[in-house]
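Presented below is the structure to which this report refers.
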Amino acid sequence: MFNFHTHHIDEVPCLLNVDVQHWQESFPSHVALSVGLHPWNVSAGWQETFSLVRAAALDERVWAIGECGLDKVRGEALSLQIEAFRAQALLAEEVHKPLVLHCVKAYDELLEVRREVVLMCKQRSCCPQPWVLHGFRGGPEQAKQMMAKGFMFSFGHHYHVETLRYVFSSSVGTERLGNKGIPKDSTVSPFFLETDDSRLSVRQIYDQVARHLDVDVARLEHLCDPRQTIFR
Ligand SMILES: [Zn+2]
(Lines give C-alpha, C1' and ligand atoms only; values in the text may rest on other atoms or scores of the structure.)
Protein backbone atom coordinates (compact mmCIF):
# COMPACT_ATOMS: atom_id res chain seq x y z
CA MET A 1 0.00 0.00 0.00
CA PHE A 2 1.37 3.40 -0.97
CA ASN A 3 0.03 6.89 -0.33
CA PHE A 4 0.97 8.85 -3.43
CA HIS A 5 0.41 12.35 -2.10
CA THR A 6 0.11 13.45 1.48
CA HIS A 7 0.96 16.44 3.64
CA HIS A 8 1.14 14.29 6.80
CA ILE A 9 3.38 11.31 7.47
CA ASP A 10 1.33 8.16 6.90
CA GLU A 11 1.90 4.83 8.65
CA VAL A 12 2.35 3.16 5.26
CA PRO A 13 4.95 4.06 2.62
CA CYS A 14 4.13 7.45 1.22
CA LEU A 15 5.23 10.38 -0.88
CA LEU A 16 5.20 13.22 1.60
CA ASN A 17 4.84 16.68 0.15
CA VAL A 18 7.14 18.92 2.14
CA ASP A 19 7.82 22.60 2.04
CA VAL A 20 11.15 23.27 0.42
CA GLN A 21 12.35 24.85 3.67
CA HIS A 22 11.94 21.51 5.49
CA TRP A 23 13.07 18.78 3.13
CA GLN A 24 16.41 18.34 4.90
CA GLU A 25 14.80 17.38 8.21
CA SER A 26 14.86 13.72 9.20
CA PHE A 27 11.91 11.55 8.17
CA PRO A 28 11.07 7.88 8.82
CA SER A 29 12.60 5.51 6.28
CA HIS A 30 9.20 4.62 4.74
CA VAL A 31 8.73 8.24 3.70
CA ALA A 32 9.83 9.59 0.32
CA LEU A 33 9.51 13.27 -0.48
CA SER A 34 8.06 15.49 -3.14
CA VAL A 35 9.34 19.04 -3.21
CA GLY A 36 8.13 21.85 -5.42
CA LEU A 37 6.75 25.33 -5.70
CA HIS A 38 2.96 25.21 -5.27
CA PRO A 39 1.11 27.60 -7.61
CA TRP A 40 -0.47 29.31 -4.57
CA ASN A 41 3.02 30.17 -3.36
CA VAL A 42 4.36 31.55 -6.62
CA SER A 43 5.10 35.26 -6.41
CA ALA A 44 7.50 37.68 -8.04
CA GLY A 45 10.95 36.47 -7.05
CA TRP A 46 9.90 32.81 -7.27
CA GLN A 47 13.35 32.07 -8.71
CA GLU A 48 14.83 32.28 -5.23
CA THR A 49 12.57 29.50 -3.90
CA PHE A 50 13.07 27.59 -7.12
CA SER A 51 16.82 27.46 -6.51
CA LEU A 52 16.06 25.64 -3.23
CA VAL A 53 13.73 23.26 -5.09
CA ARG A 54 16.51 22.59 -7.58
CA ALA A 55 18.94 21.68 -4.78
CA ALA A 56 16.35 19.38 -3.17
CA ALA A 57 15.50 17.73 -6.49
CA LEU A 58 18.97 16.25 -6.69
CA ASP A 59 18.61 14.41 -3.37
CA GLU A 60 17.79 10.72 -3.51
CA ARG A 61 15.07 11.03 -0.84
CA VAL A 62 13.19 13.36 -3.18
CA TRP A 63 11.32 11.11 -5.59
CA ALA A 64 9.19 13.68 -7.38
CA ILE A 65 8.91 17.39 -8.16
CA GLY A 66 5.71 18.95 -6.86
CA GLU A 67 3.18 19.60 -6.09
CA CYS A 68 3.38 22.24 -8.75
CA GLY A 69 1.08 23.40 -11.50
CA LEU A 70 -1.48 26.04 -12.34
CA ASP A 71 -4.51 27.46 -10.56
CA LYS A 72 -6.86 30.00 -12.12
CA VAL A 73 -8.91 30.38 -8.94
CA ARG A 74 -6.19 31.08 -6.41
CA GLY A 75 -2.72 32.59 -6.58
CA GLU A 76 -0.84 35.20 -8.58
CA ALA A 77 -1.23 36.00 -12.28
CA LEU A 78 -1.35 32.90 -14.45
CA SER A 79 1.57 34.14 -16.57
CA LEU A 80 3.78 34.11 -13.47
CA GLN A 81 2.51 30.67 -12.45
CA ILE A 82 3.28 29.37 -15.94
CA GLU A 83 6.87 30.63 -15.72
CA ALA A 84 7.44 28.89 -12.38
CA PHE A 85 5.70 25.75 -13.57
CA ARG A 86 7.71 25.55 -16.79
CA ALA A 87 10.93 25.81 -14.77
CA GLN A 88 9.83 22.88 -12.63
CA ALA A 89 8.77 20.80 -15.63
CA LEU A 90 12.23 21.31 -17.13
CA LEU A 91 13.85 20.49 -13.79
CA ALA A 92 11.90 17.21 -13.69
CA GLU A 93 13.42 16.28 -17.06
CA GLU A 94 16.87 17.29 -15.91
CA VAL A 95 16.77 15.13 -12.76
CA HIS A 96 14.61 12.38 -14.32
CA LYS A 97 11.86 12.53 -11.71
CA PRO A 98 8.05 12.62 -12.14
CA LEU A 99 5.89 15.69 -11.59
CA VAL A 100 3.01 15.80 -9.10
CA LEU A 101 0.48 18.23 -10.51
CA HIS A 102 -2.05 20.61 -9.03
CA CYS A 103 -4.34 21.97 -11.73
CA VAL A 104 -7.47 24.08 -11.28
CA LYS A 105 -9.27 25.33 -14.39
CA ALA A 106 -6.01 25.71 -16.33
CA TYR A 107 -5.87 22.51 -18.36
CA ASP A 108 -5.27 24.24 -21.70
CA GLU A 109 -2.24 26.05 -20.30
CA LEU A 110 -1.01 22.86 -18.65
CA LEU A 111 -1.26 21.03 -21.96
CA GLU A 112 0.64 23.83 -23.67
CA VAL A 113 3.61 23.36 -21.31
CA ARG A 114 3.32 19.59 -21.76
CA ARG A 115 3.55 20.09 -25.54
CA GLU A 116 6.75 22.12 -25.12
CA VAL A 117 8.31 19.43 -22.93
CA VAL A 118 7.28 16.59 -25.23
CA LEU A 119 8.76 18.46 -28.21
CA MET A 120 12.01 19.07 -26.33
CA CYS A 121 12.21 15.39 -25.40
CA LYS A 122 11.54 14.36 -28.98
CA GLN A 123 14.46 16.50 -30.14
CA ARG A 124 16.66 14.81 -27.55
CA SER A 125 15.25 11.34 -28.32
CA CYS A 126 14.23 10.79 -24.71
CA CYS A 127 10.88 10.00 -23.03
CA PRO A 128 9.16 12.77 -21.07
CA GLN A 129 8.86 12.18 -17.34
CA PRO A 130 5.47 11.03 -16.02
CA TRP A 131 3.06 13.82 -15.07
CA VAL A 132 0.56 12.81 -12.39
CA LEU A 133 -2.56 14.92 -11.82
CA HIS A 134 -3.16 14.63 -8.10
CA GLY A 135 -6.60 14.83 -6.49
CA PHE A 136 -8.15 14.45 -9.93
CA ARG A 137 -11.90 15.14 -9.92
CA GLY A 138 -12.55 15.53 -13.64
CA GLY A 139 -15.07 13.52 -15.62
CA PRO A 140 -14.32 10.48 -17.77
CA GLU A 141 -14.14 12.53 -20.99
CA GLN A 142 -11.51 14.84 -19.55
CA ALA A 143 -9.62 11.87 -18.14
CA LYS A 144 -9.61 10.30 -21.59
CA GLN A 145 -8.22 13.47 -23.16
CA MET A 146 -5.50 13.80 -20.53
CA MET A 147 -4.54 10.13 -20.78
CA ALA A 148 -4.16 10.53 -24.52
CA LYS A 149 -1.55 13.20 -23.73
CA GLY A 150 0.30 10.84 -21.41
CA PHE A 151 -1.00 12.08 -18.05
CA MET A 152 -1.56 9.82 -15.07
CA PHE A 153 -3.89 10.34 -12.10
CA SER A 154 -3.87 10.14 -8.36
CA PHE A 155 -7.29 9.91 -6.70
CA GLY A 156 -8.11 11.09 -3.20
CA HIS A 157 -11.26 10.90 -1.09
CA HIS A 158 -13.33 12.83 -3.63
CA TYR A 159 -13.40 11.74 -7.26
CA HIS A 160 -15.79 11.10 -10.08
CA VAL A 161 -16.66 7.40 -9.73
CA GLU A 162 -17.17 6.95 -13.47
CA THR A 163 -13.72 8.47 -14.06
CA LEU A 164 -12.19 6.05 -11.59
CA ARG A 165 -13.89 3.13 -13.38
CA TYR A 166 -12.79 4.39 -16.77
CA VAL A 167 -9.15 4.84 -15.73
CA PHE A 168 -9.17 1.45 -14.01
CA SER A 169 -10.56 -0.34 -17.05
CA SER A 170 -7.91 1.32 -19.23
CA SER A 171 -5.13 0.41 -16.85
CA VAL A 172 -5.83 -3.28 -16.43
CA GLY A 173 -3.60 -4.24 -19.35
CA THR A 174 -0.63 -2.34 -17.92
CA GLU A 175 -0.13 -4.83 -15.10
CA ARG A 176 1.82 -6.98 -17.51
CA LEU A 177 3.79 -4.22 -19.21
CA GLY A 178 7.55 -3.98 -18.94
CA ASN A 179 9.66 -0.88 -19.56
CA LYS A 180 9.40 0.52 -16.03
CA GLY A 181 5.72 -0.42 -16.16
CA ILE A 182 4.98 2.80 -17.95
CA PRO A 183 2.58 2.05 -20.74
CA LYS A 184 3.90 2.49 -24.25
CA ASP A 185 0.39 3.13 -25.42
CA SER A 186 -0.36 6.59 -24.11
CA THR A 187 -4.08 5.85 -23.87
CA VAL A 188 -3.32 3.34 -21.11
CA SER A 189 -2.26 4.52 -17.70
CA PRO A 190 -1.99 3.26 -14.14
CA PHE A 191 -3.28 5.41 -11.30
CA PHE A 192 -2.40 6.08 -7.69
CA LEU A 193 -4.26 6.81 -4.43
CA GLU A 194 -3.67 9.57 -1.91
CA THR A 195 -4.95 11.33 1.19
CA ASP A 196 -3.61 14.82 0.33
CA ASP A 197 -4.10 17.16 3.32
CA SER A 198 -6.94 15.13 4.89
CA ARG A 199 -6.38 13.20 8.10
CA LEU A 200 -7.82 10.02 6.59
CA SER A 201 -5.67 6.92 6.41
CA VAL A 202 -4.89 5.87 2.86
CA ARG A 203 -6.32 2.46 3.81
CA GLN A 204 -9.73 4.12 3.86
CA ILE A 205 -9.16 5.39 0.33
CA TYR A 206 -8.07 1.92 -0.85
CA ASP A 207 -11.19 0.40 0.77
CA GLN A 208 -13.46 2.98 -0.82
CA VAL A 209 -11.90 2.57 -4.27
CA ALA A 210 -11.97 -1.24 -3.98
CA ARG A 211 -15.71 -1.04 -3.25
CA HIS A 212 -16.33 1.29 -6.20
CA LEU A 213 -14.37 -0.96 -8.55
CA ASP A 214 -15.56 -4.22 -7.02
CA VAL A 215 -12.01 -5.56 -6.75
CA ASP A 216 -9.82 -6.79 -3.90
CA VAL A 217 -7.70 -4.27 -2.03
CA ALA A 218 -4.72 -6.59 -2.70
CA ARG A 219 -5.14 -6.05 -6.42
CA LEU A 220 -5.22 -2.30 -5.97
CA GLU A 221 -2.15 -2.46 -3.78
CA HIS A 222 -0.26 -3.89 -6.72
CA LEU A 223 -1.79 -1.72 -9.43
CA CYS A 224 -1.60 1.57 -7.52
CA ASP A 225 1.95 1.15 -6.21
CA PRO A 226 4.15 3.72 -7.96
CA ARG A 227 7.23 1.78 -6.83
CA GLN A 228 6.19 -0.80 -9.43
CA THR A 229 5.98 1.81 -12.16
CA ILE A 230 7.14 5.39 -12.14
CA PHE A 231 9.47 5.11 -9.13
CA ARG A 232 11.15 1.87 -10.16
ZN1 LIG B 1 -1.60 18.45 -1.73
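Both counts, for ligands and for their atoms, begin at 1 and track the order of listing. This structure is a prediction, so every number in the text was calculated from the model and none was measured. Counting from 1, the numbers follow the sequence of the chain as shown.
Between the Asp216 side chain and the Arg219 main chain, no donor and acceptor come within less than 3.5 Å of each other.
One of the N, O or S atoms belonging to His5 lies under 2.8 Å away from the Zn ion (ligand 1). For the Zn ion (ligand 1), the N/O/S atoms of Glu67 include one lying under 2.8 Å.
A cation-pi contact, defined as under 6.0 Å to the ring centre and within 45° of the axis, is absent between Arg61 and Phe27.
Draw a line from the Zn ion (ligand 1) to NE2 of His7 and another to OD1 of Asp196, and the angle between them is 90° (to 10°).
The only member of Asn3, Val132, Leu15 that meets side chain to side chain contact (heavy atoms under 4.5 Å, CB included) when paired with Phe192 is Val132.
Between Phe4 and Phe2, the ring-plane angle classifies as tilted under the 30° and 60° cut-offs.
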